[in-house]
Amino acid sequence: MALEKLFLDYFFEEYGRETIVNEHGFVSYSFHGTDECLIGEIYIRPESRKSYEVKKLFSQVEEIAKTKGYKYITGIVAIGEDRADKSTKILRTYFAYGFKLYGSANGHALLRLDIGEE
């Protein structure tokens, strides 16, 4: 069994997160209640970060969440002086896709993308 498959099985068993993987990176997500799809981890290889690969992964999660009838996707980004540059880049990525800041808690920015029918 490939290491990737073992990792994905572990991730699902331990955290209840589904994962979409491609040659450029991955995104994990989980569903909460009847409304929320939570983005867990996102990773894009450094050589692919200037491309639109993260948007492709966001789009796949959005399509799955819409199909299941969820109303919004949330994301959580750690913020703080020790990671200001990295956090800024990550927040820009979320904002570029259409997420909005809806709060903060315990050193994390809370983001939301409304995907429900209007």
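Please read all numbers here as calculations on a predicted model, not as lab measurements.
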Phe26 and Tyr43 aromatic ring geometry - parallel, tilted or perpendicular at 30°/60° bounds: tilted
Parallel, tilted or perpendicular: ring planes of Tyr15 versus Tyr10, cut at 30 and 60 degrees: perpendicular
Steps toward side-chain contact (heavy atoms from CB on, under 4.5 Å) verdict (Glu36, Tyr72): CA-CA 5 Å; Glu36 179 187 19; Tyr72 53 89; 3.6 Å; yes
With heavy-atom distances below 4.5 Å as the criterion, would you say the side chains of [X] and [Y] are in contact?
| X | Y | answer |
| --- | --- | --- |
| Ser30 | His32 | yes |
| Ile115 | Leu113 | yes |
| Tyr29 | Ile64 | yes |

Donor on one side chain, acceptor on other, Tyr97 and Ser59, under 3.5 Å: yes
Side-chain donor-acceptor contact under 3.5 Å, Ser48 with Glu53: no
Audit row: Ile90, Ile42, side-chain contact (heavy atoms from CB on, under 4.5 Å) steps and yes/no: CA-CA 10 Å; Ile90 295 167; Ile42 303 171; over 6 Å; no
Neighbour count >12 (heavy atoms, 6.0 Å) for atom CZ, Phe95: yes
Neighbour count >12 (heavy atoms, 6.0 Å) for atom CD, Glu14: yes
Chi angles and distances behind the side-chain contact (heavy atoms from CB on, under 4.5 Å) call for Glu41, Val27: CA-CA 6 Å; Glu41 288 73 25; Val27 60; over 6 Å; no
N/O donor-acceptor pair under 3.5 Å between His108 side chain and Asn106 backbone: yes
Under 3.5 Å donor-acceptor, Ser28 side chain and Thr19 backbone: no
The single option from Leu91, Thr74, Ile39 passing side chain to side chain contact (heavy atoms under 4.5 Å, CB included) against Leu111: Leu91
Between [atom1] of [X] and [atom2] of [Y], what distance do you get to the nearest 0.5 Å?
| X | Y | atom1 | atom2 | value |
| --- | --- | --- | --- | --- |
| Arg112 | Asp35 | CZ | CG | 8.5 Å |
| Ile79 | Leu110 | CD1 | CG | 8.5 Å |
| Lys71 | Thr34 | NZ | OG1 | 6.0 Å |
| Ser51 | Arg45 | OG | CZ | 12.0 Å |
| Tyr52 | His24 | OH | NE2 | 14.0 Å |
| Lys55 | Ile44 | NZ | CD1 | 12.0 Å |

With clusters defined by side-chain heavy atoms of hydrophobic residues (ILVMFWY) lying less than 4.5 Å apart, directly or transitively, does [Y] cluster with [X]?
| X | Y | value |
| --- | --- | --- |
| Tyr102 | Tyr94 | no |
| Leu38 | Phe99 | no |
| Leu57 | Val61 | yes |

Trace of the side-chain contact (heavy atoms from CB on, under 4.5 Å) decision for Phe31 with Lys68: CA-CA 10 Å; Phe31 297 105; Lys68 293 180 177 278; 3.6 Å; yes
